[in-house]
Amino acid sequence: MSTERAKKKRRVLFVTAIRSEYDILYSVMRAVDERPETETNLVVTGAHLSELYGNTADLVELDGFEVVGRFETLLNSDSAAGRVKSLAIEIMGLVDVLDRARPDIVIAMGDREDALAVATTAAYMSIPVAHIGGGDHADDGNIDNSIRHAVTKLSHLHFATTERSAKKILDMGEEEWRVNVVGAPGLDRLLTTKDLSKKEIGDYLEFDIESDRLLVVIQHSISVEIEEAGMQMQKTLEAVSGLEIPTLVGYPNSDAGSHRIIDVINDFARRHPFIRPYKGLPRNIFVNILRHADVLVGNSSAGIIEAPLLKLPVINIGARQRNREHAENVIFVDFDLSEIREALNRALSDKDFLDRVSRCENPYGDGHAGEKIAKVLAETKIDRRLIEKKITY
């Protein structure tokens, strides 16, 4: 590719701060990079550069996207104050990167502090912001909901995952021409990732998962229950460990309370040989773990968004994700041992429930969001009409 041709391409900048977010964004980045009019620029930061969360920056950079910025932001802290300080550090780093790289448009993903950092920095620098995942909402009291809606108001283009979410964006006063319903890009990887056997996964993890059953646990803290995060993980793993089934337990996001969750995970893994924790995993391994799982337990958005496409039963524990738009594959319970145990039995053995799961429809799309988003990013005119936002009522 000549330098002259490269300069004519529309530069779309993505910021990734954690492996789970990167894998959701991957199909969008790839689709943008494959179009003749656009190219992907990447900033790597946050938990990607933390040993605690697996130093996943190197895995990200193996995919070959042009990295225009790489800087550390994550404090070794388990407090809400530490999370806000990390946000401030990220904004400072992004100012320098955006000023130097001058992208044509930046992508804000979802509802974490990284999305707020991206949207705030770019909006102040008059760089258009495209937000993926606006309009989603859960009645769980988590700060993520407020962040998501704040990013919507800072953004110039909206990529909603469902029709219901698009309506909420419009109800917030956003102009209709800015809103696109594309589905959730996290589904795309479920269709394109090569199948791996249990043996291949087990060999990679050095952990035997070739029995009839496999459980996966992914549980995060929420901002209004930081002090209870460790106790909540304890309840979940007490219920799960009673089954003595091979269980893969993912490390949580880098939110306040995550250190307490990690301590509990490692304690259970030391005492129970059938429990194996993992940090960041390559995309092909993680996707195939979900394909082979019998139940996904915890409170991850993967249970709400991706699991229905795999017809995977989900037990969502606690307030996180409560009342979020979902399919019939999800059982909602509180952090109560008897409730969790009953839900596990239902998810593993209840034929009526499993039949409903096998027929459930995913409200989050068909697994082709990346292509749809890339098309809009390539074709949208970047001018004062895009930058100068109006509120409709």
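Every value quoted in this text rests on a predicted model; they were computed, and no experiment measured them. The basis for the numbers below is simple: all heavy atoms, side chains too, and nothing from hydrogens, waters or symmetry mates.
Counting only distance, with no hydrogens or angles, the side chain of R10 and the backbone of L377 share a donor-acceptor pair below 3.5 Å. E66 places no side-chain N or O within donor-acceptor distance of the main-chain N or O of N41, the cut-off being under 3.5 Å. In this structure a side-chain-to-backbone donor-acceptor pair under 3.5 Å is present from D188 to G370. Of the possible donor and acceptor atoms, one in the side chain of S241 sits under 3.5 Å from a partner among the backbone N and O of E238. The backbone N or O of A138 sits less than 3.5 Å from a side-chain atom of N145, completing a donor-acceptor pair. A donor-acceptor contact shorter than 3.5 Å is absent between the side chain of R213 and the backbone of A293. R30 places no side-chain N or O within donor-acceptor distance of the main-chain N or O of E371, the cut-off being under 3.5 Å. The backbone N or O of V44 sits nowhere less than 3.5 Å from a side-chain atom of R70 that would complete a donor-acceptor pair. Checking side-chain atoms of R148 against main-chain N and O of D136 turns up a donor-acceptor pair under 3.5 Å. No donor-acceptor pair under 3.5 Å is formed between the side chain of K390 and the backbone N or O of R385.
Contact of the R112 side chain with the D255 side chain is registered, since non-hydrogen atoms from C-beta on lie closer than 4.5 Å. Side-chain contact check for T16 versus E21: some heavy-atom pair is nearer than 4.5 Å. Proximity of F332 to V314: side-chain heavy atoms (C-beta onward) are nowhere separated by under 4.5 Å. The closest side-chain heavy-atom distance from I107 to H131 is not below 4.5 Å. Counting heavy atoms from C-beta outward, N316 and I331 have side chains that stay 4.5 Å or more apart. Looking only at side-chain heavy atoms (C-beta outward), R35 and K375 come within less than 4.5 Å of each other. In this structure, the side chains of T236 and V297 come closer than 4.5 Å at one or more pairs of heavy atoms.
Using the six-membered ring where Trp is involved, H48 and Y22 have ring planes that are perpendicular, over 60° apart on the 30 and 60° scheme.
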field: Steps toward side chain to side chain contact (heavy atoms under 4.5 Å, CB included) verdict (I105, L157)
entry: CA-CA 10 Å; I105 193 163; L157 279 176; 4.0 Å; yes

- prompt: Run the side chain to side chain contact (heavy atoms under 4.5 Å, CB included) check on L296 and L215 step by step: do they pass?
  reply: CA-CA 6 Å; L296 174 59; L215 301 185; over 6 Å; no

task: Begin from the C-alpha positions of E61 and D63 and carry the test side chain to side chain contact (heavy atoms under 4.5 Å, CB included) through to its verdict.
output: CA-CA 5 Å; E61 293 182 6; D63 284 329; over 6 Å; no

- request: Give the intermediate values and the outcome of side chain to side chain contact (heavy atoms under 4.5 Å, CB included) for residues Y278 and V249.
  value: CA-CA 6 Å; Y278 65 85; V249 185; 5.8 Å; no

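For the residue pair Y251/N266, the side-chain donor-acceptor check at 3.5 Å is satisfied.
You'll find the ring centres of H149 and H137 inside the 6.0 Å limit.
Rounding to the nearest 0.5 angstrom, the gap separating the CG atom in D96 from the OG1 atom in T121 is 10.0 Å. The distance from the CG atom of N253 to the OG atom of S300 is 8.0 Å, given to the nearest 0.5 Å.
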